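Here's the structure, in C-alpha cells; my notes come after.
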Amino acid sequence: MSIRLLFLATAILLGCGSTAVAQSTANSQSDTLARDTVIVVDALPGEGFNFPYVLYLPKGMKMSGETTLIVETNNGGLNDTLEHHKKTAIHAASKSGVANYVARRLKIPLLVPVFPRSATQWTVYTHALDRDAFLSNDPAIHRLDLQLIAMVESARKLLSNSNVSLDEQFFITGFSASGTLANRFSLLHPQLLKATASGGINAIAILPLSQLEGTPLKFPLGIADVEQVTGRKVQMDAFKKLPKMLYMGALDDNDAAAFDDAYNEEERQQIYKFMGRRSMPERWAFMEDMYRQHGIEATFITYPHIGHGTDLRINNELVAFFRNYLKDR
C-alpha cells in the first residue's frame, strides 16, 4: 500500500479525511486550514513503527510551503489496551497537551505517537523511555526512539502530498513523563532536533556523562552504555548546542525517583547520593550546575507559583521559546 493510499485508508476526521480533502478544507483565499484536523495513521512495521500515531494540523496552518513539526509523546497512564492509548493520544494531540497549545499558537503540525504502557508489565515505563523500555527486546516496543523517528518520516511523506514540506529537524517537548522522554531523546538524537523543552521531570535531566566520582552512569541517568546499546556514539557537539528549555515548579513534589516503575534501586541510590534526595531545589540546582560545568546549552527555569503542572504563563513562554527557532517567526 502506498503512503497516499494508507493516508486515505486510515485518516480520522475532525476536519478532513485525506490529503485531497485536506486541501479542499483550506481557506480558498489564504491557503490555510479552515478548521482543526486530526489524522490517525495506523502502524506500519515495514516502515519502522509498530503503533499508530496522531497528526494534528491546527486551524490556520498553511497548506503549502515549509514548516516545522513539533512532537510530544503520549502519557496516558497504565492500560493493556491499545484503544485506551489511542484515545488519550488523540486527546493530547487535539485538546490538552503542552504541544497542542504551541502548535495552535504557531500554526505548525503536531505528531503524538500511540505508544502503549502496559498495566501488566508496569515497570516498563515506555512513556518516559526508562531503562527497561530502552533495553527491551520485546519486538513491539524495541527502540521506541527509532520508531518515533520513523513516524516523523512517515508524517513528512504524508504532508508532502499536500505540498507541505517539513524542516529536516523538528521540535520535541513534553511535561512529566513525556517531558522526561523528550529530554532523553534529545541526547540520543540531538542532530534531528531544532529545539527541545521539558517540564516536570522530577528535577532529573539526563547527564552527558559516563561517570560521576568513578561510578558509571548508565542510561537514563547518563551515557555510560548508550554506545553499547545503540551502536552509535552520542553526538556531543550537537547536544551541547541544541537549544533546551528545562523547567520545574518550585512547589512540584511529584518525585518519580522514589518509585520502581521509573527508576530501579541502583538508579535511585545514585540519584540520592550524587544528585540530591530532595528534588526541589537541591537536585534541580545540581542539574543546572552540571549542565553549566560541561558547556551544555540549556535554560533552566523555576516557576515559584506552581507545582506539578503548567498554566497559561508557562504555555506562553513555551510558545515564545519555540518561536525563536522557526524560520518565519
Side-chain angles (χ1 to χ4, degrees), residues 6-7 10-16 22 33 36-44 47-59 61 67-79 81-117 125-129 133 141 144-159 164 166 170-186 189 192-193 195-200 310 315 318-319 322:
L6 172 74
F7 191 32
T10 64
I12 289 180
L13 272 207
L14 295 183
C16 69
L33 277 181
D36 286 353
T37 301
V38 174
I39 304 155
V40 177
V41 178
D42 283 341
L44 267 179
E47 294 198 9
F49 53 98
N50 299 326
F51 306 100
Y53 69 84
V54 183
L55 195 61
Y56 169 76
L57 311 179
K59 177 182 177 181
M61 175 182 150
T67 189
T68 300
L69 180 72
I70 188 166
V71 171
E72 180 179 7
T73 53
N74 59 320
N75 183 21
L78 293 162
N79 195 284
T81 68
L82 188 63
E83 193 59 35
H84 166 85
H85 296 291
K86 182 186 291 187
K87 181 179 179 180
T88 58
I90 291 171
H91 189 260
S94 61
K95 301 290 183 184
S96 69
V98 291
N100 171 265
Y101 187 85
V102 175
R104 285 190 287 112
R105 290 291 301 274
L106 297 182
K107 310 301 182 190
I108 60 175
L110 162 64
L111 186 152
V112 178
V114 184
F115 290 149
R117 184 182 175 202
Y125 203 161
T126 49
H127 291 168
L129 194 61
I141 64 170
L144 290 175
D145 58 315
L146 298 184
Q147 293 194 45
L148 181 58
I149 294 169
M151 291 174 178
V152 170
E153 291 309 305
S154 170
R156 186 186 307 282
K157 294 175 185 176
L158 295 181
L159 288 173
V164 176
L166 293 182
F170 57 93
F171 297 143
I172 191 167
T173 190
F175 186 86
S176 195
S178 64
T180 296
L181 188 149
N183 177 241
R184 294 168 178 175
F185 183 95
S186 73
H189 305 284
L192 299 180
L193 302 177
T196 181
S198 295
T310 66
N315 289 344
L318 286 168
V319 171
F322 284 114

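Keep in mind that this is a model prediction, so the values were computed, not measured. In what follows, every heavy atom counts, from backbone to side chain, and hydrogens, waters and symmetry copies are set aside.
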How many angstroms lie between atom [atom1] of [X] and atom [atom2] of [Y], to the nearest 0.5 angstrom?
X      : Y      : atom1 : atom2 : answer
Asn50  : Ile141 : CG    : CD1   : 10.0 Å
Thr180 : Phe175 : OG1   : CZ    : 9.5 Å
Glu72  : Asn100 : CD    : CG    : 9.0 Å
Leu158 : Ile39  : CG    : CD1   : 7.5 Å
Leu148 : Leu111 : CG    : CG    : 6.5 Å
Tyr125 : Asn75  : OH    : CG    : 5.5 Å

What pair of heavy atoms forms the shortest contact from [X] to [Y], and how long is it?
X      : Y      : result
Ala89  : Pro113 : CB-O, 3.8 Å
Ser154 : Glu47  : CB-OE1, 4.5 Å
Phe170 : Leu69  : CB-O, 3.3 Å
Gly179 : Ser198 : O-OG, 2.8 Å
Leu55  : Ala155 : CD1-CB, 4.1 Å
Leu110 : Ala99  : CD1-CB, 3.5 Å

Q: Begin with the C-alpha distance, continue with both residues' side-chain angles, and end with the deciding distance and a verdict on side-chain contact (heavy atoms from CB on, under 4.5 Å) for Tyr53 and Val112.
A: CA-CA 6 Å; Tyr53 69 84; Val112 178; over 6 Å; no

Close side-chain approach of [X] and [Y], heavy atoms under 4.5 Å:
X      : Y      : result
Leu159 : Thr67  : no
Leu106 : Val319 : yes
Lys86  : Phe51  : no
Ser178 : Val98  : no
Met61  : Val164 : yes
Pro52  : Leu82  : yes
Ile90  : Val40  : yes
Asn315 : Val102 : no

Q) How are the rings of Phe185 and His189 set to each other: parallel, tilted or perpendicular (split at 30° and 60°)? A) tilted

Q) In terms of the angle between their ring planes, are His127 and His85 parallel, tilted or perpendicular, with boundaries placed at 30° and 60°? A) perpendicular

Is the backbone N or O of [Y] less than 3.5 Å from a side-chain atom of [X], with the two atoms forming a donor-acceptor pair by type?
X      : Y      : value
Thr173 : Ala197 : yes
Arg117 : Gly76  : no
Tyr56  : Ala103 : no

Q: Using side-chain contact (heavy atoms from CB on, under 4.5 Å) as the criterion, point out the one residue from Thr37, Asp36, Ile108 that pairs with Leu57.
A: Thr37

Q.
If you apply the rule side-chain contact (heavy atoms from CB on, under 4.5 Å), what do you find for Val54 with Val114, and how did you get there?
A. CA-CA 7 Å; Val54 183; Val114 184; 4.1 Å; yes

Q) Do other residues, nucleotides or ligands put more than 12 heavy atoms under 6.0 Å from Lys107 NZ? A) yes

